[in-house]
Q: 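Have a look at the structure that comes next, please.
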Amino acid sequence: MVSATVCNIKQETPSTKSFDLIPASGEIHFLPGQWIDLSILINGHTEVAGYSITSNPAHNSSISLAVKDVGDDLVTRYIHDSMVDGDIVSLGVGGTCTYSSDKRNTLLLAGGIGITPLISIFKYIGETTSHKALIFHSVSSSKEFLFQKDIETLCLKYPERLFYKQTISEKFQQSIDTGFGRITKDALQMLSLSCFDTVFLCGPNKFISDLSECLIEIGLDESQIHYEKWW
Ligand SMILES: Cc1cc2nc3c(=O)[nH]c(=O)nc-3n(C[C@H](O)[C@H](O)[C@H](O)COP(=O)(O)OP(=O)(O)OC[C@H]3O[C@@H](n4cnc5c(N)ncnc54)[C@H](O)[C@@H]3O)c2cc1C
């Protein structure tokens, strides 16, 4: 476990806070797509919860996280209710669902806060490789578009290689062409999937299982599809 200081706490959306962690000494080495176990001392007990790293591993003097205010686990409650800049926490890096440049051109399917590990992969591909990536983000309401500005800025910087598509599912009776509705098999078929060598998915468990099934039905091989399920 590494000791680190909390800084740059921001309310990114009505439900989600982001913040950075600066290690007490040295750098934090991680791969795109990895997460940390974040440990904090609450009432004399060490409490632990896992969150994906949202920053680019190429910049490892600090790491960034984003945490949605869901559930009642004590670490998420601490982050949303009492964490302040300067707090000291501990962390350990983990996770095997990672991107490396042999995975080449990649489609990133994100459901809600599940964008967290995928934005790290997106930044890494843009800034560190010559490959292409499309991030397709589905959110329940327009207020929940996390990292929209960061993604748009990167797409402007690498217009030949980075692409962004969004959908808002609160009006899911509407057609996906209009920017509304859930990601479905039809929506995936409109993406020219043959351009992508791999697909990474992250979001609610049903989002992952339904969409990976659709990808197989469309003709992708299981070995091309990458995800990790948590809670
Ligand atoms: C690997 C991994 C990493 C994670 N990292 C973090 C983290 O860093 N921070 C954090 O706070 N939580 C994290 N989580 C937790 C987890 O992503 C969320 O608790 C869970 O995804 C619910 O997210 P949400 O409330 O944003 O989803 P919702 O808002 O309920 O849904 C998100 C979108 O998915 C759509 N959707 C849902 N089901 C389907 C379906 N079957 N088909 C098509 N679309 C569907 C919805 O319509 C909506 O548009 C992680 C989970 C995993 C598996």
Side-chain angles (χ1 to χ4, degrees), residues 9-21 30-38 48-55 63-81 83 91 93-99 107-123 135-148 165-174 176 178-189 191 199-218 225-231:
I9 301 172
K10 284 187 213 139
Q11 189 75 44
E12 296 275 357
T13 74
S15 70
T16 302
K17 276 187 177 175
S18 69
F19 55 98
D20 297 341
L21 296 175
F30 65 99
L31 299 170
Q34 281 193 301
W35 41 260
I36 61 159
D37 268 336
L38 181 67
V48 184
Y51 305 106
S52 303
I53 302 171
T54 63
S55 41
I63 60 166
S64 305
L65 305 180
V67 178
K68 186 166 178 175
D69 190 355
V70 279
D72 52 8
D73 89 81
L74 292 177
V75 184
T76 300
R77 292 275 37 92
Y78 152 76
I79 289 167
H80 280 275
D81 300 341
M83 184 177 74
L91 64 95
V93 175
T96 53
C97 183
T98 59
Y99 177 86
L107 170 64
L108 304 166
L109 297 178
I113 188 67
I115 196 166
T116 46
L118 306 185
I119 183 79
S120 175
I121 294 174
F122 192 71
K123 289 173 182 168
I135 199 157
F136 193 177
H137 193 193
S138 174
V139 291
S140 54
S141 119
S142 57
K143 292 180 190 146
E144 293 299 331
F145 275 125
L146 190 59
F147 305 129
Q148 186 168 7
K165 199 167 160 58
Q166 306 169 315
T167 188
I168 303 167
S169 60
E170 66 185 352
K171 296 179 181 165
F172 59 84
Q173 72 281 9
Q174 296 198 28
I176 199 94
T178 60
F180 292 100
R182 284 186 163 188
I183 301 176
T184 56
K185 187 174 167 186
D186 286 349
L188 293 173
Q189 278 173 316
L191 294 178
V199 183
F200 283 78
L201 303 104
C202 189
N205 283 341
K206 195 86 170 69
F207 173 94
I208 295 174
S209 51
D210 286 356
L211 293 185
S212 46
E213 214 169 277
C214 292
L215 291 166
I216 302 275
E217 283 168 17
I218 292 169
I225 302 170
H226 304 276
Y227 57 79
E228 192 169 0
K229 287 189 173 173
W230 276 5
W231 315 312

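Whatever order the structure lists them in is the order used to number ligands and atoms, beginning at 1.
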Q: Atom 46 (C) of ligand 1: which of Cys202, Ser169, Ser209 has the nearest heavy atom?
A: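 When every heavy atom of Cys202, Ser169, Ser209 is considered, Ser169 comes closest to atom 46 (C) of ligand 1.
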
Q: Please classify the Val139 to ligand 1 contact at 4.0 Å (heavy-atom distances, strictly less than): side chain, backbone, both or neither.
A: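 Backbone only.
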
Q: Ligand 1 and Lys68, any nitrogen or oxygen pair closer than 3.5 angstrom?
A: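 Such a contact does occur with ligand 1.
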
Q: Quick check: does Gly111 get an N/O under 3.5 Å from an N/O on ligand 1?
A: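 Between Gly111 and ligand 1, no N or O pair is found under 3.5 Å apart.
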
Q: Tell me whether Asp210 has any N or O atom under 3.5 angstrom from an N or O of ligand 1.
A: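 Yes; the residue has a nitrogen or oxygen that sits under 3.5 Å from a nitrogen or oxygen of the ligand.
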
Q: Would you say ligand 1 has an N or O under 3.5 Å from any N or O of Glu228?
A: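 No, Glu228 has no N/O under 3.5 Å of an N/O on ligand 1.
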
Q: Output the distance between atom OG1 (Thr54) and atom CG (Leu146), rounded to the nearest 0.5 Å.
A: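 One gets 8.0 Å once the value is rounded to the nearest 0.5 Å.
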
Q: Against heavy atoms of Ile183, which atoms of ligand 1 measure under 4.0 Å?
A: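 Heavy-atom distances to Ile183 below 4.0 Å select 43 (C).
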
Q: Run the side-chain hydrogen bond (donor to acceptor under 3.5 Å, both in side chains) test on Thr98 and Gln34 for me, step by step, so that the C-alpha distance in whole Å, both residues' side-chain angles and the decisive distance to 0.1 Å come before the verdict.
A: CA-CA 6 Å; Thr98 59; Gln34 281 193 301; over 6 Å; no

Q: Counting only N and O atoms by type, is there a donor-acceptor contact under 3.5 Å from the side chain of Thr116 to the main-chain atoms of Ile113?
A: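 Checking the backbone N and O of Ile113 against the side chain of Thr116, a donor-acceptor pair under 3.5 Å is found.
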
Q: In a check of side chain to side chain contact (heavy atoms under 4.5 Å, CB included) between Leu38 and each of Val48, Leu21, Val67, which one passes?
A: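 Running side chain to side chain contact (heavy atoms under 4.5 Å, CB included) over Val48, Leu21, Val67 with Leu38 returns exactly one hit, Leu21.
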
Q: Counting from 1, what ligand 1 atoms have a heavy atom of Tyr51 closer than 4.0 Å?
A: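 Close to Tyr51: 8 (O), 9 (N).
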
Q: For ligand 1, find out whether one of its N or O atoms is nearer than 3.5 Å to an N or O atom of Ala66.
A: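 Ala66 vs ligand 1: N/O contact under 3.5 Å present.
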
Q: At their closest point, which heavy atom of Phe30 faces which heavy atom of Ser120, and how far apart are they?
A: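 Looks like CE1-OG, 4.2 Å.
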
Q: Of the listed options (Ile113, Ile36, Leu65), which comes nearest to atom 18 (C) of ligand 1 when hydrogens are ignored and any heavy atom counts?
A: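 Residue with the shortest heavy-atom distance to the ligand atom: Ile113.
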
Q: Measure the spacing between CD1 of Ile168 and OG of Ser141 and express it to the nearest 0.5 Å.
A: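 Separation between the atoms: 7.5 Å.
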
Q: Report the distance from atom OG of Ser55 to atom CG of Asp20, rounding to the nearest 0.5 Å.
A: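 The distance works out to 7.0 Å.
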
Q: With rounding to the nearest 0.5 Å, note down the distance linking NE2 in His137 to CD in Glu144.
A: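 Rounded to the nearest 0.5 Å, the NE2-CD separation comes out at 8.5 Å.
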
Q: As an exercise, state the distance from CZ of Phe200 to CD1 of Ile121, rounded to the nearest 0.5 Å.
A: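 Between Phe200 CZ and Ile121 CD1, I get 4.5 Å after rounding to 0.5 Å.
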
Q: Applying a heavy-atom cut-off of 4.0 Å, say which part of Thr16 lies close to ligand 1: side chain, backbone, both or neither.
A: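 Neither; no heavy atom under 4.0 Å.
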
Q: Which ligand 1 atoms does Thr116 reach within 4.0 Å, using its non-hydrogen atoms?
A: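 Near Thr116, the atoms of ligand 1 are 5 (N), 6 (C), 7 (C), 8 (O).
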
Q: Which option out of Gly50, Pro204, Gly203, Cys214 puts a heavy atom nearest to atom 28 (P) of ligand 1?
A: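 Comparing heavy atoms across Gly50, Pro204, Gly203, Cys214, the nearest one to atom 28 (P) of ligand 1 lies in Pro204.
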
Q: Is the OH atom of Tyr78 crowded by more than 12 outside heavy atoms at less than 6.0 Å?
A: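 It does: Tyr78 OH has more than 12 such atoms within range.
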
Q: Hey, which atoms in ligand 1 end up nearer than 4.0 Å to a heavy atom of Lys206?
A: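 So the answer, numbered in order with elements, is 41 (N).
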
Q: In ligand 1, which numbered atoms sit nearer than 4.0 Å to a non-hydrogen atom of Gly112?
A: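 That gives atoms 26 (O), 32 (C), 33 (C) of ligand 1.
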
